[in-house]
2 protein chains.
Amino acid sequence: MQSTTDLNLRSFVQYDEKSHFPIQNLPLGVFEEQGKKRVGVRIGDMVLDLALLERRGFFPSLPELFNTSTLNSFLAVGRPVWTEVRATVSRLLRDDEAELRDNIELRDKALIPVENITMHMPVAIGDYTDFYSSREHATNVGTMFRGKEDALMPNWLHLPVAYHGRSSSVVLSGTPIRRPKGQVQIGSQENPVFTASRYLDFELEMGFFIGPGSELGYPIPVNSASDHIFGMVLVNDWSARDIQKWEYQPLGPFNAKNFATSISPWVVPLDALEPFHCKGPEQSPRPLPYLQAGGDMAYDIKLEVYLQNSLISQSNFKFMYWNILQQLAHHTITGCNVNPGDMMASGTISAPEETGYGSLLELTWKGTKSLVLESGEQRKFLQDDDTVTFTGWCQGQGYRVGFGEVTGKIIPALE
Amino acid sequence: MQSTTDLNLRSFVQYDEKSHFPIQNLPLGVFEEQGKKRVGVRIGDMVLDLALLERRGFFPSLPELFNTSTLNSFLAVGRPVWTEVRATVSRLLRDDEAELRDNIELRDKALIPVENITMHMPVAIGDYTDFYSSREHATNVGTMFRGKEDALMPNWLHLPVAYHGRSSSVVLSGTPIRRPKGQVQIGSQENPVFTASRYLDFELEMGFFIGPGSELGYPIPVNSASDHIFGMVLVNDWSARDIQKWEYQPLGPFNAKNFATSISPWVVPLDALEPFHCKGPEQSPRPLPYLQAGGDMAYDIKLEVYLQNSLISQSNFKFMYWNILQQLAHHTITGCNVNPGDMMASGTISAPEETGYGSLLELTWKGTKSLVLESGEQRKFLQDDDTVTFTGWCQGQGYRVGFGEVTGKIIPALE
């Protein structure tokens, strides 16, 4: 059987070489058409309706997985089924396979133009965890708040620092983001004031979704962690820096981040990212054995940040110091259980160079300088009506395996 | 209509005056009998099967709420329905109402002895938030780790500090708690070691469950917060102090707490706690307007901690500096949405006196002294096979409105 990531694969569905969704990708998502939600696969500018294929008997050995409004059932069944579904979909979409290509009736029904659909949250997220795994980001933030000497906490190089996030407010790309209000301390005033956040920011992140869960009391070993991870999305972990600064000691950020986190709609399977594995940063000191993952476990995923259509940052997922297998192994080392649909995000992904920092906090160095946009406008933090968009893709030879985009527009605080 | 909390109410079900579950309480939970889960109300040592009553038409105006394995649907419908159900159940159980009392066939089926049932998690918890709202606890911990001068962070008296917890590992009372492993730093060694936690601890807390949810972008005002809160349980927020110490900077505790949190099975409605409202601690400085809740919004709930059957702490929920209405108002002030079944816990509830501290960390002052148990054994932190039990109740005139207990036994770490 030909690999589903083979660069020579072609689909009878047309797309150009910059499309994020060639036949080598095949991300899953939840779409709505004619009032009904179900699971589909993106190919070029079309969506393949998996619920229809399921009804027509294309997955005879599987339970019903696709006539539903979330990917959770699909996530729960695990890699053998993921592989089987991916192989079937890949085969059906190939230009040298007649079964779907030449069945006009089925093609017309099963392939739906993206302009005719609405996307929904792909997953009902149980728990959402946010890591802090970019050394560059942690160093930048640490330098700003604690000085260069104490920039990285002593624990940082030994474990993937993380905190639990708020899952109820994880929203789909395109959802407007209301500027939050809260307590902030201004200047050297002793008492805080209540105000709309004046330092609203984005954080460039990626996240992965848990497939089969684990049992309470039993860690997931780093070398089987990938069996529990289905795929990835782009994540914008919106942050109110002024609220964060006042509240975050000693238990971490809370209101500063609980108002919204945006994700991209198409979940790109780890299977599609296989060809883009690469070496991550050297880890020194050597991690404890439970964090030692063999092989090149980083991914070369180019990332871009646009503010009002101006490209303001170019980073890459490969800069992450801690990889996703280490993150999951660390998360569960205490016996913490995970469930299908849990989301784990990377933390802000900052490149070593200033042009690739993953937040305005870093790009404007705490607001001490301004970003100049293409329009000539300047920004230190986000203004009302600003739109922030992330995109990301792996560059293959003549094709891209991409994540589409995650975008959000700031709307004014409530009166 | 007679109030459902009237101290003169009597039930035809027998119980003594120390029972936690008189007719004035009527907590809800999820029980299993003959292989089937459904919702019930505890009365004395019996459970009233609400699913059966529903089938028999006792709640004619309501949708199906009780033939299910969680309270979530019931939580979502809100106070008017809660009040109606409570009134019906209260009436049916009264000793001066014949309808259930004299219907032997129905009584035999609808009232099941607790020894014939198994309890389950009452709620499918979406997000779990843990506050840090006891001034005594925060001061004790702050003093130990940062010294007396900096014990309370500058924000503490202005807002109810909180962090997001891990909901997947919230378990029912009675679930064994496996000692977690993780990274700890020993003495002045620079590098951490991997070990089973040597400083395993409990935290005496209570938690409340969200009823009707709120919309993203819209805060819940403090004065309508109670419409979103159904009831409360006892919570043990198990904590690995050595893991916590090494990991918690700068984003808060993670592995130190994600391995387990235990709750009691019966959810006591706020309606049953009405007679036990009392004044909370004086709040100075005066909170910002969004945190100003009128009235006496604390609750007088006596709390006890047992370690191996030795009473080691006596505290009270009324010591909480921030009340539950302020907690929910603060949580949502940014527009963070909440959903039916979300759980919010208080943080450790320490009394002003040493005999009422809510954790071993405080009771043994970081392990600098030992607790002596009734057996003569000594403890600094929890040993394998130790059992920790919390109980709590409101004392009325001749009756108690109680929470039963939350208990858990430590089992050894995995090899």
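Residue numbers start from 1 in every chain, and the chains themselves are labelled A, B, ... in the order their sequence lines are given, proteins ahead of strands.
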By a 4.5 Å heavy-atom criterion (distance strictly below it), what part of [X] contacts chain B: side chain, backbone, both, or neither?
X: A:Asp342; value: side chain
X: A:Phe194; value: both
X: A:Ser197; value: neither
X: A:Tyr290; value: side chain
X: A:Leu291; value: side chain
X: A:Val171; value: side chain

Whatever's closer than 4.5 Å to a heavy atom in chain A on B:Arg146 counts as side chain
Taking every heavy-atom pair that is under 4.5 Å apart, which of [options] has the most such pairs with chain B?
options: A:Trp156, A:Tyr218, A:Tyr248; value: A:Tyr218
options: A:Glu190, A:His331, A:Gln185; value: A:His331
options: A:Gly182, A:Ser167, A:Pro285, A:Ala256; value: A:Ser167

Could you tell me whether the side chains of B:Asn255 and A:His330 share a donor-acceptor contact shorter than 3.5 Å?
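Note: B:Asn255 and A:His330 side chains meet the donor-acceptor criterion.
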Distance-only side-chain donor-acceptor flag, B:Ser168 / A:Asn337, under 3.5 Å
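Their side chains do contain a donor-acceptor pair, which is all the 3.5 Å distance test asks for.
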May I ask you to test the B:Arg166-A:Val338 pair for a side-chain heavy-atom distance under 4.5 Å?
yes
So do A:Val141 and B:Pro250 actually touch side chain to side chain, heavy atoms under 4.5 Å?
no
Please report the interatomic distance [atom1]([X]) to [atom2]([Y]), rounded to the nearest 0.5 Å.
X: A:Asp127; Y: B:Asp127; atom1: CG; atom2: CG; result: 7.0 Å
X: B:Asp130; Y: A:Phe254; atom1: CG; atom2: CZ; result: 10.0 Å
X: A:His164; Y: B:Asn258; atom1: NE2; atom2: CG; result: 5.0 Å
X: A:Glu247; Y: B:Leu159; atom1: CD; atom2: CG; result: 7.0 Å
X: A:Ser169; Y: B:Leu216; atom1: OG; atom2: CG; result: 6.5 Å
X: A:His158; Y: B:Asn191; atom1: NE2; atom2: CG; result: 4.5 Å

Among [options], who wins on heavy-atom pairs under 4.5 Å with chain A?
options: B:Ala413, B:Ala196, B:Ala260, B:Gly217; answer: B:Gly217
options: B:Pro180, B:Cys336, B:Ala240, B:Gly335; answer: B:Cys336
options: B:Thr334, B:Val193, B:Asn339; answer: B:Thr334

Minimum heavy-atom separation for B:Pro192 to A:Leu288, with atom names?
O-CD2, 4.3 Å
Work out which heavy atom in B:Ala162 is nearest to a heavy atom in A:Leu251; give both atom names and the distance.
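Shortest heavy-atom contact: O-CB, 4.4 Å.
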Taking the side chain from B:Gln249 and the backbone from A:Met153, do they hold a donor-acceptor pair closer than 3.5 Å?
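Not confirmed, B:Gln249 side chain does not pair with A:Met153 backbone.
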Might you confirm whether atom OH of B:Tyr199 has over 12 heavy atoms from other residues, nucleotides or ligands at distances under 6.0 Å?
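Check fails, neighbour count at 12 or below.
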